[in-house]
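We name chains A, B, ... by the order of the sequence lines, and we start the count at 1 in each one.
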Protein chains: 2
Amino acid sequence: MKDGPDIARIANLIGDPGRANMLAALMSGKALTAGELASEAGVRGQTASGHLTKLEEGGLIARERQGRHHYFRLADSDVAGVLEALMGLAAAKGQLRTRTGPRDPELRHARVCYNHLAGELGVTLYDGLRARGVLVGSGDDVTLSDPGREEMARLGIELSTKSRSPECKSCLDWSARRMHLAGRLGRAILDHAFSEGWAMRPEGTRIVRFTGLGEGAFRKTFQV
Amino acid sequence: MKDGPDIARIANLIGDPGRANMLAALMSGKALTAGELASEAGVRGQTASGHLTKLEEGGLIARERQGRHHYFRLADSDVAGVLEALMGLAAAKGQLRTRTGPRDPELRHARVCYNHLAGELGVTLYDGLRARGVLVGSGDDVTLSDPGREEMARLGIELSTKSRSPECKSCLDWSARRMHLAGRLGRAILDHAFSEGWAMRPEGTRIVRFTGLGEGAFRKTFQV
DNA sequence: AGCACAGTTCGGCCTGCGCCGAACCATTCA
DNA sequence: TGAATGGTTCGGCGCAGGCCGAACTGTGCT
């Protein structure tokens, strides 16, 4: 009884709708200003400011001052992981918010999830890589096979070795309820797509917009 | 932009101290009655009842009526996973509650974490199995090696095949900030310790109490 | 220097919700 | 059938905290 970490404090921080919206917006991995986050949350600046200091004190987000702007981002990938887990759970419990705006089709097709590719294209990639034996493992526990590792190296996908995050990780997509690829490999593949000019990120959104040629090249490269 | 699952609703449920205590108590995997949960949370019966219906409606716990008792348990392992993730994050942020009661030494030594062994002994087991090559893999991404699988079979550890949960999984211990073994294998090993009579669970706690002989046998069997 | 704009701080309003006392069901046992 | 016990429902209290208007700080632009 009442041992263990103070889980309630953190959950309470996430549990306010305004703050949850801010955190969800920050899941894109992009740093946003206080004003942008205020409009995300649908509140005035003062209120947002209060929320942001609370989140900062709670260690969930980090602040970076740049001139008269304050940029905020998620504190670390642990926080992003918890948020993804919560999203997965909320989706599983059928509490989708289904605010289907006009932009939704693009979001569903390909979007960024923290630092890797999610959406239909992310799921397709994941399924394809498993079908071809690049990824092996059962359930949500996958690793890169030796031939797979060679293939990635041949394609010029560089896995950063600095981060201690796992090489491969399955990540449950809340819109499709399907797995897609996270971890260092997932990040490297998305970076590759950007640096090859196959896709770009419209400002302030989580959309990943592939060009026609780019999506073709992507599918051909990863044979999906 | 308010897309995505309603993460705030769920986080809000976990975010109340009383409810969080109840959920933490249920992490033992044991089903508890409303009264027990009320005392865990430090509130009266009526208040607890209100919390429990909210948690049930939110899909976080499941209720089972038996005579005049109502037994509650966590709804599924997804919920347990989210709670573990939150505990890990809270521990990482240094928000330990450090309510070090007299029972604490025992809790730290060996306790149950959802359905597997945690605490110092759990960490020792995990490290030992990795050092001996029973578990292989990098970081928190481990699998059972072929010789390891043989050894487990020889010891009479039966992995249930019904559950689709991963065979091996690392689980971050919030007290020691070290990894220990979860997944089907972790569960099977703990079950084995109980069925061999090495250890028992005092009612209503998360403690795993090994007998002197039992702990010796445990350490000898797994060579740690 | 003066203005515009981003963000924060302050003070006050008001709703939400956690809490409990008391009364009300349901089950078991004598 | 009545008493004891475990849970739930109801009603009312009181506080925490989210929200905003207004005033203040700090930065950049002219």
Side-chain angles (χ1 to χ4, degrees), chain A residues 1-2 6-26 30-73 75 95 203-204, chain B residues 2 6-26 30-58 60-73 95 97 203-204:
Chain A
M1 23 195 253
K2 315 208 173 141
D6 196 348
I7 171 181
R9 202 179 327 294
I10 292 205
N12 194 17
L13 282 173
I14 309 177
D16 172 78
R19 288 193 293 261
N21 282 335
M22 294 180 178
L23 291 171
L26 290 172
K30 203 168 133 75
L32 299 175
T33 70
E36 288 168 327
L37 288 168
S39 77
E40 283 290 336
V43 297
R44 297 277 172 198
Q46 323 91 300
T47 310
S49 175
H51 285 323
L52 288 168
T53 53
K54 283 186 180 174
L55 287 173
E56 190 186 8
E57 282 166 2
L60 296 187
I61 62 174
R63 178 191 307 245
E64 216 165 320
R65 278 165 246 252
Q66 239 175 67
R68 59 182 169 181
H69 294 273
H70 292 209
Y71 286 94
F72 297 87
R73 56 183 173 73
Q95 304 195 336
E203 284 290 312
Chain B
K2 314 223 177 121
D6 196 348
I7 171 180
R9 185 139 39 258
I10 292 201
N12 195 18
L13 282 173
I14 308 176
D16 172 78
R19 287 192 294 258
N21 282 335
M22 293 180 179
L23 291 171
L26 290 173
K30 203 166 133 70
L32 299 174
T33 70
E36 289 167 326
L37 288 168
S39 79
E40 282 289 337
V43 296
R44 297 280 173 190
Q46 324 90 301
T47 310
S49 176
H51 285 323
L52 288 168
T53 54
K54 282 186 183 177
L55 287 172
E56 190 187 9
E57 283 166 1
L60 295 187
I61 62 174
R63 177 192 309 242
E64 213 165 321
R65 276 164 248 250
Q66 235 175 72
R68 58 182 171 185
H69 294 273
H70 292 206
Y71 286 94
F72 297 87
R73 55 182 173 73
Q95 305 195 336
R97 197 178 295 186
E203 282 290 310

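- For A/L55 and C/dT8, the CG to C1' distance is 16 Å, given to the nearest whole Å.
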ask   = Does the pair A/L60 and A/K54 meet the rule for a side chain to side chain contact (heavy atoms under 4.5 Å, CB included), with working shown?
value = CA-CA 9 Å; A/L60 296 187; A/K54 283 186 180 174; over 6 Å; no

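- OP1 or OP2 of C/dT8 has not a single side-chain nitrogen or oxygen of A/R68 nearer than 4.0 Å.
- A heavy-atom distance below 4.5 Å is found between the side chains of B/H69 and B/Y71.
- For the pair B/T47 and C/dC19, the criterion of a side-chain N or O lying under 4.0 Å from OP1 or OP2 is not met.
- Applying the side chain to side chain contact (heavy atoms under 4.5 Å, CB included) test between A/I10 and each of A/D6, A/I7, A/I14 identifies A/I14 as the sole match.
- Counting to the nearest Å, the P atom of D/dA16 and the CG atom of B/N12 are 17 Å from each other.
- Between A/H51 and A/T47 there is a side-chain heavy-atom pair separated by less than 4.5 Å.
- Contact check, A/H70 against D/dT27: no side-chain N or O comes under 4.0 Å of OP1 or OP2.
- If you measure from atom CG of B/L52 to atom C1' of C/dC17, you get 16 Å, rounded to the nearest angstrom.
- Atom CG in A/L32 sits about 15 Å away from atom P in C/dA6, given to the nearest Å.
- D/dA16 atom P lies 16 Å from atom CZ of A/R19, rounded to whole Å.
- Regarding contacts with the backbone of C/dG18, a side-chain N or O of B/K54 is found under 4.0 angstrom from either OP1 or OP2.
- In this structure, B/H51 reaches the C/dC19 phosphate: one of its side-chain N or O atoms is under 4.0 Å from OP1 or OP2.
- Not a single donor-acceptor contact under 3.5 angstrom links the side-chain atoms of A/R44 to the base of D/dC19.
- Protein atom CD of A/Q46 is 13 Å distant from nucleotide atom P of D/dA23, rounded to whole Å.
- Remark: B/T33 is not in phosphate contact with D/dG6, judged by side-chain N or O atoms under 4.0 Å from OP1 or OP2.
- Note on B/R65: nothing from the nucleic acid sits closer than 4.0 angstrom, heavy atoms only.
- Of the side-chain N and O atoms in B/H69, none sit less than 4.0 angstrom from OP1 or OP2 of C/dT27.
- Of the candidates B/R19, B/H70, B/M22, B/E57, B/L52 forms a side chain to side chain contact (heavy atoms under 4.5 Å, CB included) with just one, namely B/M22.
- Contact between the side-chain N/O atoms of B/R63 and the OP1/OP2 oxygens of D/dG7 is not found at any separation under 4.0 Å.
- Atom OH of B/Y71 is separated from atom P of D/dT8 by 13 Å (rounded to the nearest Å).
- Atom CG in B/L37 sits about 14 Å away from atom P in D/dG6, given to the nearest Å.
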